[in-house]
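Worksheet for the structure shown next.
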Amino acid sequence: MTDRARAERLDASDPLASFRDRFAIDDPETIYLDGNSLGRLPVATRERLSELTAQWGSELVGGWHDWIDLPERVGDLLASGVLGARPGEVIVTDSTTVNLFKLAEAVLDIRPGAIVTDSENFPTDRYVLEGLARLYGRELRTFDADPLNGPQPGDVKRACEPGGVALVSLSHVAYRSGALADMELIAQAAAPAPVIWDLSHSAGAVPIELEQRGVELAVGCTYKYLNAGPGAPAFLYVRRYLQERPRTPIQGWFGQRDQFQMERPYDPAPGVRGFLAGTPPILALAGVEEGAKLIAEAGIQKLRDKAAALTELIVTIHDERLAPLGFRLGTPRDPARRGGHVSLAHDEAWPICRALIERAKVIPDFRGPDSIRLGVPPLYTRFVDVHDALDRLATLVERGDHREVDDRPLRVT
């Protein structure tokens with residue numbers, strides 16, 4: 001059996017171990033395995049927000065001289081340190097939902113044809129695409145991807161084969177299973193239709209390499225592996241050669257070329273800044289900046305290597321101790337084919353999840369119908385955290401503790 005000493009040895013040799021001390025961990029007894037939903041609070045962010053509120057109090061509206069370019073500055077930081085893009089190709093603004101609407105509508109405005117996605121794509125993505133299909137009177141082609149391995153190039157090719165496809169929209173890492181999609185092969189299968197990638201479950205956990213992989217359009221959130229805070233603004237990526245043709249459908253004064261020339265008609269700002277709309281949330285943007293700094297400092301390849309090792313430890317302990325208790329691995333076994341979280345399936349997943357939180361001080365999350373997701377962001381998750389969490393999980397199921405909890409549905413799971 002995999003003992004705790006092995007996890008301790010892995011922690012002792014972990015080059016990223018010191019980053020854990022740079023996060024606010026108020027209760028060390030609780031094991032947090034839900035950073036794939038909401039990342040921890042960096043200490044630097046708490047300090048930065050205090051400084052910003054002081055600046056607001058002293059400078060009032062004069063602070064805008066420092067703040068006004070923050071969406072672009074943070075976008076460039078994400079581009080270089082997290083996403084593998086070039087300066088001027090990433091902007092931080094709005095939510096993932098709004099950004100997907102903006103990019104998808106911009107494509108539909110210039111391309112006829114159907115919209116393609118998979119039935120297991122993240123719900124907000126599917127909802128946006130359904131709404132756009134209705135708004136534009138377009139066909140929405142939804143294919144069933146493998147629930148474990150996610151969308152494959154062959155799936156995309158078959159969905160696009162009838163022709164007349166305007167765009168394809170997929171997630172880089174499947175939100176339920178954690179399966180990692182092959183961007184380049186899927187782009188070839190979708191061609192000539194562009195692919196809009198949702199990077200919400202991959203940014204900060206795996207190398208994305210937008211420039212190297214030839215990705216043209218992408219969106220993603222910042223409050224998971226980027227640790228930017230609840231509801232932090234999302235990002236939007238448009239490859240440079242595409243920036244002058246697709247135009248945002250949401251025209252706002254921050255996307256205006258000379259935004260304080262208010263007597264003039266709307267004239268979109270050049271480049272990715274033209275996808276801005278309303279006034280940006282400065283305090284929240286500071287959270288994105290501090291989170292992106294940590295990722296860049298740690299190095300995305302080191303983060304990827306540790307995430308692969310952490311998830312591999314989960315797989316190993318699952319096989320040894322959890323599978324005999326009725327658990328099924330809901331994530332690809334190949335580390336190269338998964339992101340930063342592992343899904344464990346069980347017929348009693350919901351009450352087990354509740355028991356973990358209420359009786360074992362382990363925080364995962366539940367995704368219906370039968371999945372317990374274990375997110376292990378490598379900046380602050382230790383190998384002993386994984387070992388101890390799964391030991392507590394196995395123990396409570398062996399004792400039947402999950403059959404004694406209140407398993408009524410909750411709004412947040």
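Source: prediction; values computed, not measured.
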Quick check: does any side chain N or O of Arg240 sit under 3.5 Å from a backbone N or O of Pro87, one acting as donor and the other as acceptor? yes

For Thr311 and Arg338, which I'm curious about, is there any donor-acceptor pair between the side chains at under 3.5 Å? yes

Modelled atom types, side-chain donor and acceptor of Ser37 and Asp34, under 3.5 Å: yes

If every non-hydrogen atom of Ala114 is compared with every non-hydrogen atom of Arg141, which pair is closest and at what distance? CB-NE, 3.7 Å

Does a donor on one side chain sit under 3.5 Å from an acceptor on the other, for Thr124 and Thr97? yes

Could you pull out the closest heavy-atom pair between Glu290 and Ala44, with the gap in Å? OE1-CB, 3.7 Å

Pairing donors with acceptors under 3.5 angstrom, does anything connect the side chains of Asp66 and Gln55? yes

Assess the residue pair Ser343 and Ser371 against the criterion (side chain to side chain donor-acceptor pair (under 3.5 Å)); give the C-alpha distance rounded to whole Å, side-chain angles, the decisive distance to 0.1 Å, and a yes or no. CA-CA 6 Å; Ser343 181; Ser371 294; 3.3 Å; yes

Please check: side-chain N/O of Asp11 versus main-chain N/O of Val384, any donor-acceptor pairing under 3.5 Å? yes

Over 60° means perpendicular and under 30° means parallel, so tell me whether His172 and Trp197 are parallel, tilted or perpendicular. perpendicular

Between Tyr237 and Glu216, does any side-chain donor sit less than 3.5 Å from a side-chain acceptor? no

Less than 3.5 Å apart, any donor N or O on the side chain of Thr381 or Asp385 sitting next to an acceptor on the other? no

Can you name the closest pair of heavy atoms from Thr413 and Asp365 and give their distance? O-CB, 3.3 Å

Could you please spell out the steps behind the salt bridge (charged side-chain N to carboxylate O under 4.0 Å, His left out) verdict for Asp14 and Lys306? CA-CA 8 Å; Asp14 175 16; Lys306 183 178 176 182; 2.7 Å; yes

Hey, can you tell me if His402 and His346 have their rings parallel, tilted or perpendicular (30° and 60° cut-offs)? perpendicular

Which of parallel (below 30°), tilted (30 to 60°) and perpendicular (above 60°) describes Phe122 and Tyr175? perpendicular

For the residue pair Asp155 and Ala145, what are the closest heavy atoms and their distance? OD2-CA, 4.2 Å

So is Arg20 actually on top of Tyr380's ring, under 6.0 Å and inside 45° of the axis? no

Please answer whether the main-chain N or O of Ile208 pairs with a side-chain N or O of Arg213 as donor and acceptor at a distance below 3.5 Å. yes

Using distance alone, with no hydrogens and no angle criterion, decide if Glu59 and Trp64 have a side-chain donor and acceptor under 3.5 Å apart. no

Using a strict 4.0 Å threshold on nitrogen-to-oxygen distance, state whether Arg158 and Glu161 make a salt bridge. no

Of all the heavy-atom pairs spanning Ser169 and Leu100, show the shortest one and how long it is. OG-CD1, 3.8 Å

